[in-house]
Structures are given as structure tokens and as C-alpha cells.
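One structure is given below, encoded as C-alpha cells.
Lettering follows sequence order; numbering is per chain, from 1. The basis for the numbers below is simple: all heavy atoms, side chains too, and nothing from hydrogens, waters or symmetry mates.
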Amino acid sequence: MNGIHDLGGMDGLGPINPAKDEPIFKDDWERRMFGLFISCFAGGHYNVDEFRHAIERMDPAHYLETSYYEHWLTSLETLLVEKGVVTQDELAARKKHIAMEDA
Amino acid sequence: MPHDHPHPHNRPLSDVELRVKALESILTEKELIDPEAIDLIVETYETKIGPRNGARVVARAWSDPAYKERLLSDATAAISELGFSGVQGEDMVVVENTDEVHNIVVCTLCSCYPWPTLGLPPVWYKAAPYRAKVVKDPRGVLEEFGVTLPEDTEIRVWDSNAELRYLVLPKRPDGTDGMTEEQLAELVTRDAMIGTDVLTAQ
């Protein structure tokens, strides 16, 4: 599928800026996200192709603006909702609950 | 699991943090995941699986011509001889740098990378600028990494995919004849095994 993810040869995306030294995960949420991906993959909720395809279905502007693990998060949410494992409402309600608890 | 580890309350949780926490909490409640298993997975990738594994493969290939031959003809089997196999390393191809040819690896579509030998990819490998530029202007990319190759060196760029992962076998640096395999492994950098670095004996 052609799309924004198909970046090979595109001009004007700026310098690479490789970091000399960087942690494996930048934030704790990235750690949890990585573990969630592996756990749900091991649980048979999707295969790698479905997972990547759900990233490729992201809105193009959103794709370019968001970080790698946010792509993963978006893909995981999309697939788990599509497969009926969780609902949008459940996710929204829990998010609200956690935000209130955190405040 | 909202609060099983302390975090400073000097800022509210961000939107992505809330989304990840919500997902983990619901999936835990449904008993579809185990938070302790997540801890273990993360620890494994932070401490056990990384480019030191790949460096051992490279050092073995430099030290043992028969191993190198096996590595170049059936990389998956040769790498698993050293105990490195598994997710995202099921089908490996090793490409050798020589005086004539320099190889660079990318995944233009996403982030395919040989996890068992290199661990998880660095941010730049997954980000748009490298993926876009390296297939069009590999010499320009190498310059951004501080590497200049002779003009007559052929550069080959390998685009990884979900089925096939590449590892570069860097050129053994001059002046390393007397070194042990362990000493050689110390010289090997992650970027040299991606192809964005060349090695020296320092």
C-alpha cells in the first residue's frame, strides 16, 4: 500500500541528527508500550502485518507529527477496538478516570 | 495499574501516558496481559538483547574463516550457533563490507531491524529523515554520521522488510592481527553493523 509511511527517496525531511548516546526507551510509557505490544502479540490478538498496516492507516499528518511508540500505541488501540477486545468508550472512560486520580 | 511506581507530580500525565495507562489497566483487568511479564520483557530488551550480541557474531567471523563462510551463506543458522535467535531475527542475511563494497541497512517503510543481534533500533533509524534519504543519497547520509568513503567504493543500500533482516559485517580494522575475539568484539559498534560507521583499531 502506497502512503505516507512509504518515505524512501522523499526530500526535505530535515537532518538525521543521530544521538551519540540514547536510552533504549526515552520515557516510562514507551517501556510499557513496548511490553504491551509484545504481550498482545504473544496473546495472538494480531500478527505483525496487521500491526504495521494499522500504522499505515494513520492520518498522514498525524503519522509525521508523532513519535515511533505513539504509532505503536495508535495501532494497538485501533486493532484491539476493531477486534472487539476493548471499546472506544472503555478506553475513554479509563483514561478520564486515571487523569482524575493523577490530579 | 495506575500507581504501582511513584512518579513526580510536578506535571499532569500527558495524553499518550494516559492512553497507555488506560490500555494496560483494562487489559490487565480482562486478564489478557500480566504487568509483571511486561516488566520482564522490558528488562530483557534493556539489559540482555543488544548490539553486543551482533559484535560477538562479527568478531567470530573475523577470527574464524569457516564461521564467516557459514555466516555469509546461512546467516540465521550461523547466528543461532552463538545463541542469538528469535523475534525479528527469524530470517537473517549478512552482507560483507570489503575494499570495494560498503553496505547500509534501512527500513524505508517502518523499522524492521535484527532484534536478536542489535536489540531495538535507535530513534534515528525509525525516524523519517534517515528512511527517506539513505536510499537516494547514501553518501550524504554517511557524511551526517561523519563517514567519508573513497569515491570508487560501491555503496549498496538494503531495504529490510518484515520477512528479512540484514546485518552488516564490517571490515576488520587494520592493525588488529594479534587481537583475541573478545578484544575484537569491543571494537565493533552498533552503527558499523547498520552500515553508518566504519571501524578503526582505537
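Taken to the nearest 0.5 Å, the CZ atom of A/F41 stands 11.5 Å off from the CD1 atom of B/I41. Remark: B/C110 SG to A/F51 CZ distance equals 8.5 Å, nearest 0.5 Å. Here the straight-line distance linking atom CD of A/E101 with atom OG of B/S25 works out to 9.0 Å at 0.5 Å rounding. Between the CG atom in B/D39 and the CZ atom in A/R31 there is a gap of 10.5 Å [rounded to 0.5 Å]. Atom NE2 in A/H71 sits 10.5 Å away from atom NZ in B/K126 (nearest 0.5 Å).
In terms of non-hydrogen atom pairs under 4.5 Å with chain A, the most contact-rich of B/A22, B/A132, B/G50 is B/A132. The candidate with the highest count of non-hydrogen atom pairs below 4.5 Å against chain A, out of B/V87, B/T196, B/L32, B/V123, is B/V123. No other option in B/L40, B/V16, B/D15, B/T108 has as many heavy-atom pairs under 4.5 Å with chain A as B/V16. Between chain A and the residues B/K133, B/Q88, B/K136, B/E46, the largest count of heavy-atom pairs under 4.5 Å involves B/E46.
With respect to B/K21, the side-chain contact (heavy atoms from CB on, under 4.5 Å) criterion is satisfied by exactly one of A/I98, A/D28, A/D102: A/I98.
Between A/E90 and B/K30 there is a salt bridge, since a side-chain N of the basic residue sits under 4.0 Å from a carboxylate O of the acidic one.
With a 4.5 angstrom heavy-atom cutoff, A/I4 does not touch chain B via any of its atoms. Neither the backbone nor the side chain of B/E43 comes within contact range of chain A; no heavy atom of the residue lies under 4.5 Å from a heavy atom of that chain. When heavy atoms are compared at a cutoff of 4.5 Å, B/A128 approaches chain A by way of both its backbone and its side chain. Within the 4.5 angstrom heavy-atom criterion, atoms from both the backbone and the side chain of B/Y45 approach chain A. Both the backbone and the side chain of A/L13 come within contact range of chain B, each with at least one heavy atom under 4.5 Å from a heavy atom of that chain. Heavy-atom distances place both the backbone and the side chain of A/A99 under 4.5 Å from chain B. When heavy atoms are compared at a cutoff of 4.5 Å, B/L120 approaches chain A solely by way of its side chain, counted from C-beta outward.
Ring geometry for B/W115 against A/F34 counts as tilted: the plane angle lies between 30° and 60°, on a 0 to 90° scale.
Taking every heavy atom of both residues into account, A/Y63 and B/L109 meet most closely at OH-O, 4.0 Å. Shortest non-hydrogen contact noted between B/A162 and A/D49 is CB-OD1, 4.2 Å.
When atom types are taken as modelled, the side chain of B/R131 and the backbone of A/H5 share a donor-acceptor pair closer than 3.5 angstrom.
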